[in-house]
Structure formats: structure tokens, C-alpha cells
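Working notes for the structure below.
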Amino acid sequence: MIDKTSSAIITPLSTLKFSETLTLWQKVHGRNDLPWQQEITPYRVLVSELMLQQTQVTTVIPYFERWLQHFPTVVALAEASEDEVMTQWQGLGYYSRARNLHKAAKFVVNELNGQLPDNAEQLREVPGVGPYTAGAISAFAFNKPAAIVDGNVKRLFSRYFGIEGDISSAKVNKTIWSYAERYTPTVNNRRYAQALLDLGATVCTPRSPDCQQCPIRTSCNAYATGRVDILPEKKAKKKIPTRRGYFVLDLTTDGVILTQRSGDGIWPRLWCLPQILEPLETASIHGSFKHIFSHYKLDATVIIESAEQFGQRIPLEQLDNYGLPTPIRKYLNTLRV
DNA sequence: TAGGCGTGGAA
DNA sequence: TTTCCAAGCCT
């Protein structure tokens, strides 16, 4: 006897059929020419995964290529200076990732005999490697069974299984991980993991998903119930505040005064114009710029003032050897013309 | 546990 | 112009 209430609800594919369908789809429609998918090594996967945290593929590609030129091996990275590391990372954002990657390289060389572990549990001990990245390295670098849950998987699974509730909540997160683990195949994990990300990034997109191209739409809960545009559920975002900032410009023919910021707050360990709380009444304004961070807007004023005591003078021609925040670099570049 | 932490591309 | 948000992690 068929239960009328449940017969209206779509039935998910079996775990085996699910992974097989996605894997076959990926082979034809997925991304298989990304730089970190060639000459696969644990180090290359580690670098790519740290760079890809909250950052789009097209943004990462040039940084990844340059990084591998400068730091070809995990040993080379472990032996590099912090300034070299920050210089190579400058412009990519979320700079704690750069320090974590540097720490990770030292950790691998000094504590792990130069070898990344192949399982998620041990990978979690590596600096900068969280639950997603641990699974990703296990699957991508070693082709081992490992669950991965990132923004793509959350969106894909919340729609496919019809999971309601705030997608950022701990409860829903736990539910998604549970599905992710249950549906992880025992073979072809590299391609299966790539399939999840590719499907989420190119078909099951946040806005205007292309359901007609989806290989699992006939068993998708959201598609069957007309909730593709409703799931995943997100709570309203708070408006970000605006903060005012004052930066000191002390420029002579010998160069500009820069100071290395602390490890706390925004732009940790990057070189920057000295920042002050309040300018003197007599200070003259050189210019201004605005910048938008993830959590606040910066309305910056650049003051002309002596700043010898705040930092060191650096010739403009040598700026490329220092890691500078993007808006500061852009501002200084306007002076060099 | 919720907020801090960048930047740029796309609609 | 505004808004969203992207292969998250750390504290």
C-alpha cells in the first residue's frame, strides 16, 4: 500500500547511484583543466585549497601559478621568510591564510617528515586546515574516501534533500555533514568530490540554477516541490558599518614611510602607511580613499605629516618587495606616475 | 558561538 | 549603485 503523504515526496537516489551519476556527469561536464588538477601532489593541493577558501577559482589561478614558481616545494615554503610569503599573497585577501599556509609547511617539514597525511582526522592538525579542507585534501590529493562540505555542498544538498532551516546554523550544518558522509563513495573520491563542487558552481548555483542541465533533478526534492529558489534558507544579513581611518603619508625623494602592521585586526603583518586614531588640527589632507571589507566600510583620509618615528623609509621602486594591502598599494601607485 | 577576517566578479 | 557571496578557519 502506497502512503499518499509520502508518495508526493520525491525519493533520493541510493548512495551508490547518487555518486555514480555525479561521477559520470563530472567526467563530461565538470572542470578538469584547473592548474591544481595537473601534476597532482599533496603540496599543490594544500596550496590550492588554502587559496580557494572563500575565494573564486578565477581569482586564485594566477596566484597559484606564481606561488608554485616562488615556492616549488613544501620545503621551499617552510624555509621562506614571512615577508616573502606575505608579498606573494598580497592582494588575495584573508591574510591569515598565508600565515597558516606558512605554518602548515613548517609543520609538515618539522613534525610530519615532509609528508602530508592522507586522512582527514590527521589533516585537521595542520594549521589552516579545517573540516572542509581536511576532506578536500584527502579526496583530491590521495583519492581517498572523505566527506567534504563547503558552500556548494550545503546548497546542493539542502535543495536535493529538501533540508529546511538556516543554512548557517549548527543544526543544519550537522545534518548536511551527515548526508555528506553517508553519500561518500568508496572509490573515485577525487572525481566525486570534484563533481560536488562543479555541480554546485556551474549548475546548482545560488541564483538562477540551471536545473535542466542537472543530472539529478528528477530525484531533487527542491525541484519536485518548486522550492529551488527558496532553498537553502538564509537569515537576513546585517548591514555593515562605516569606519573612518587616518593614514599618514611621509613621502620624500628617498621614499615613503611604511610600517608593518601587527598580527591582530585587519591586514595582519602587511606593510602599510602608518595609521593614526585622530589627525592633528593642523594636519593637511593629501587625499582619501574608500574600501569595502567583508564586515565594514573604510572611509580613509590620508594626512601629510612627518612619520619617521612610526616606521621605515622605503624607496617607491622597492615597494614590490613588500606585501601591501590592495587599497594602500593602489593609492601609492598613483604617486609613482 | 558568533564575529573577525579581503577582494573582486557578477547580476 | 547595491547586493550578494566565493573550494572556511580561528578564537
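On a predicted model such as this, the values are computed, not experimentally measured, just so you know. Every chain is numbered from 1, with letters handed out A, B, ... down the list of sequences.
Comparing the P positions of dA2(B) and dA7(C) gives a spacing of 24 Å, expressed to the nearest Å. Between dG6(B) and dC4(C), the two C1' atoms lie 15 Å apart (nearest whole Å).
Residue Thr326(A) is classed as a sugar-phosphate contact, given heavy-atom separations below 4.0 Å to backbone atoms only. Among the heavy atoms of the strands, none lies under 4.0 Å from Lys239(A). The residue Leu197(A) sits close to a base: some heavy atom pair falls under 4.0 Å. Within the nucleic acid shown, Ser48(A) has no heavy atom closer than 4.0 Å to any nucleic acid atom. Among the protein residues, Trp89(A) comes within range of no part of the nucleic acid, since none of its heavy atoms lies under 4.0 Å from any strand. Residue Gly200(A) is classed as having no contact, given no heavy-atom separation below 4.0 Å to the nucleic acid.
At the phosphate of dT7(B), OP1 or OP2 sits under 4.0 Å from a side-chain N or O atom of Tyr95(A). Neither OP1 nor OP2 of dA6(C) sits under 4.0 Å from any side-chain N or O of Gln54(A).
Heavy-atom nearest nucleotides on DNA chain C were determined for Asp198(A) and for Val126(A), and the one closer to the 5' end corresponds to Asp198(A).
The nearest whole Å value for the distance from the CD atom in Gln26(A) to the C1' atom in dA7(C) is 14 Å. Taking atom NZ of residue Lys154(A) and atom P of nucleotide dC5(C), one finds them 13 Å apart after rounding to whole Å. One atom, CG of Leu298(A), and another, P of dT7(B), lie 11 Å apart when rounded to the nearest Å. Regarding Met51(A), its CE atom lies at a distance of 16 Å from the C1' atom of dC9(C), rounded to whole Å. The NZ atom of Lys171(A) sits 14 Å away from the P atom of dT1(B) (whole-angstrom rounding). Note: NE2 (His295(A)) to P (dC4(C)) measures 17 Å, nearest angstrom. One interatomic measurement links the two molecules: OH of Tyr63(A) to P of dA7(C), which rounds to 18 Å at whole-angstrom precision. Between Ile167(A) atom CD1 and dC4(C) atom P there is a gap of 17 Å when expressed in whole angstrom units.
Between Phe293(A) and His295(A), the ring planes lie tilted relative to each other; the angle falls in the 30° to 60° range.
At least one side-chain heavy atom of Gln275(A) sits less than 4.5 Å from a side-chain heavy atom of Arg261(A).
Here Tyr160(A) and Phe18(A) bring their ring centres to under 6.0 angstrom of each other.
Between Arg313(A) and Glu308(A), at least one side-chain N (NZ, or NE/NH1/NH2) sits under 4.0 Å from a carboxylate O, which counts as a salt bridge.
A 6.0 Å sphere centred on CD of Gln69(A) holds no more than 12 heavy atoms belonging to other residues, nucleotides or ligands.
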